[in-house]
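Structure first, commentary second.
Lettering of chains follows the sequences in order, A, B, ..., and the numbering in each one begins at 1. Predicted model, so just to flag it, every value in this text is computed and none were measured. These numbers come from the heavy atoms of this one structure, side chains and all, not from hydrogens, waters or symmetry mates.
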2 protein chains.
Amino acid sequence: MKKKLSHASEDYLKAIYTLSADGFSASTNNLAAHLNIAPASVTGMLQRLASLSPPLVNYRKRHGATLTDTGEKAALKVIRRHRLLETYLHKSLGFSWDEVHAEACELEHAVSDRFEARIDEVLGHPTHDPHGDPIPNLGLVMPQEADIRLSTLRPPQKAIIQRVDAEDGKLLRYLEEKSLLPGTKLEIRAFSPIDGNLTIAVDGKKMVLGSAVTCHIFIEEI
Amino acid sequence: MKKKLSHASEDYLKAIYTLSADGFSASTNNLAAHLNIAPASVTGMLQRLASLSPPLVNYRKRHGATLTDTGEKAALKVIRRHRLLETYLHKSLGFSWDEVHAEACELEHAVSDRFEARIDEVLGHPTHDPHGDPIPNLGLVMPQEADIRLSTLRPPQKAIIQRVDAEDGKLLRYLEEKSLLPGTKLEIRAFSPIDGNLTIAVDGKKMVLGSAVTCHIFIEEI
DNA sequence: GTCTTTATTTAGGTAAGGCTAAATTAGTTT
DNA sequence: AAACTAATTTAGCCTTACCTAAATAAAGAC
Ligand SMILES: [Mn+2]
Ligand SMILES: [Mn+2]
Ligand SMILES: [Mn+2]
Ligand SMILES: [Mn+2]
């Protein structure tokens with residue numbers, strides 16, 4: 001019954017899930033941009049995904065796609081594998097947090113359930129990946145994600161970094177160098193309305209971050 | 001320059017290498033049987049592999065294929081990844097020796113050089129996979145393989161099992177249960193010409209093995 | 001030397017997943 | 001209402017990799 005999906009299908013499902021979860025519509029163009037594929041190709045794929053039985057997406061011409069229940073389960077399964085793999089690559093194989101994404105995006109389509117179960121076990125059933133993103137459990141329930149951006153805080157608020165939403169290696173390496181990782185506590189010291197810069201203090205050390213940085217960091221206020 | 005090969009191409013190269021190394025010709029039909037693909041499809045693929053630049057195989061109509069130097073390097077690279085992965089799955093993730101092949105055959109096309117290098121390091125640069133097959137080193141040199149079959153021995157010869165050439169799960173599980181693994185020492189006690197059965201002793205324990213078993217076990221005489 | 005068998009190739013098809021260029025739709029402006 | 005624009009779909013094409021059926025070649029049998 002459960003024939004396995006192609007690489008491409010899995011990446012589409014993941015993209016639809018992610019765009020929707022982030023409050024964007026999974027429109028043809030958004031998907032095309034997200035997946036680096038021509039819009040016309042996205043149309044073709046959405047039609048295919050909608051015409052499977054059971055369908056994985058609901059697709060209405062010119063209205064983008066939403067996941068069906070089947071599609072959402074499939075998406076969560078891929079996301080779980082992706083995040084477990086990222087965690088495994090980081091914790092057990094010494095990959096840095098800017099290297100894990102690309103590797104996981106390949107492996108997520110290749111590993112078996114057995115492999116997934118084993119690394120989950122070896123890691124002690126981790127709940128978050130190296131970027132702080134929550135890992136859906138075996139039952140494919142996605143935990144709540146932190147959704148307050150650091151860029152929205154003002155002095156003298158305090159917060160803990162929960163997750164970093166970025167695939168850009170430069171940004172990730174920059175943040176690592178500054179120790180701005182999930183779990184880090186910080187205080188807002190100043191806000192510059194003209195450019196959106198925030199001055200923050202981490203462990204007493206002050207630094208100024210532009211909004212191109214702060215809008216990718218999601219926090220929990222304390 | 002080095003665009004990466006498709007899954008299918010890599011499996012063909014591996015199959016051509018393996019058939020040749022085992023003394024078979026990499027003919028259309030042999031490849032078809034080995035890869036579980038229709039002969040006509042093999043013809044098509046060999047033509048494609050031969051028309052790449054640089055070509056990966058030498059192909060003469062109706063005379064099967066041989067690997068070019070480029071093709072052989074590519075084949076050895078895949079075999080190295082495959083065997084390292086099998087070893088890693090077995091040693092680090094607790095896969096049994098009859099489970100590793102299928103998983104490795106998927107992963108071998110997905111892992112990066114970085115991943116390969118890391119597991120090689122974690123494993124301490126292993127020289128043999130769980131079935132006793134040699135792992136080509138980083139320079140892609142394939143060590144000599146044991147090529148004497150247990151089935152050719154006669155009393156009172158003694159030998160050490162070097163490798164087991166089988167993908168059949170039943171056979172592998174049978175051998176594991178009998179502790180007939182690479183490294184095991186044994187003595188030939190009797191040979192039955194009528195059916196080819198060998199009576200062997202392992203650690204003083206006697207057992208009778210049919211030639212369907214003994215012809216898959218390669219040994220080193222002692 | 002013709003016949004038959006076996007191995008292999010050719011021909012013609014399918015399905016997935018891409019692409020570009022052209023057409024269409026739905027909103028916005030004027 | 002007509003025109004413009006942005007988003008999306010259609011049409012037509014490509015490559016990879018597989019399949020079946022039919023044609024052909026090479027090798028062995030008679
Ligand atoms: Mn992916
Ligand atoms: Mn992540
Ligand atoms: Mn493979
Ligand atoms: Mn092996």
Exercise for review: Determine, for A:Glu108 against A:Lys14, whether the closest basic-nitrogen to carboxylate-oxygen distance falls under 4.0 angstrom.
Suggested key: yes

Electrostatic pair B:Glu176:B:Arg173 at N-O distance under 4.0 angstrom:
no

What pairs of nitrogen or oxygen atoms, one from the protein and one from nucleotides 9-19 of chain D, lie under 3.5 Å apart?
residue : atom : partner : partner atom : Å
D:dT9   : OP1  : A:Tyr59 : OH           : 2.3
D:dT9   : OP1  : A:Arg62 : N            : 2.7
D:dT9   : OP2  : A:Thr28 : OG1          : 2.8
D:dT9   : OP2  : A:Thr43 : OG1          : 2.7
D:dT9   : OP2  : A:Tyr59 : OH           : 3.4
D:dT10  : OP1  : A:Lys61 : NZ           : 2.7
D:dT10  : OP2  : A:Gln47 : NE2          : 2.8
D:dA17  : OP1  : B:Ser6  : OG           : 2.1
D:dA17  : OP2  : B:Arg48 : NH1          : 3.0
D:dC19  : OP2  : B:Ala38 : N            : 2.9
D:dC19  : OP2  : B:Ser41 : OG           : 2.6

Inset, instruction - Answer yes or no: is there an ion pair linking A:Glu103 with B:Arg114, defined by an N-O contact shorter than 4.0 Å? - result: no

Here the distance between atom P of C:dA16 and atom CD of A:Glu10, to the nearest Å, is 15 Å

- Can you say whether the rings of B:Phe95 and A:Phe115 are parallel (under 30°), tilted (30 to 60°) or perpendicular (over 60°)? tilted

Enclosure of A:Asp69 CG (heavy-atom neighbours >12, cutoff 6.0 Å): no

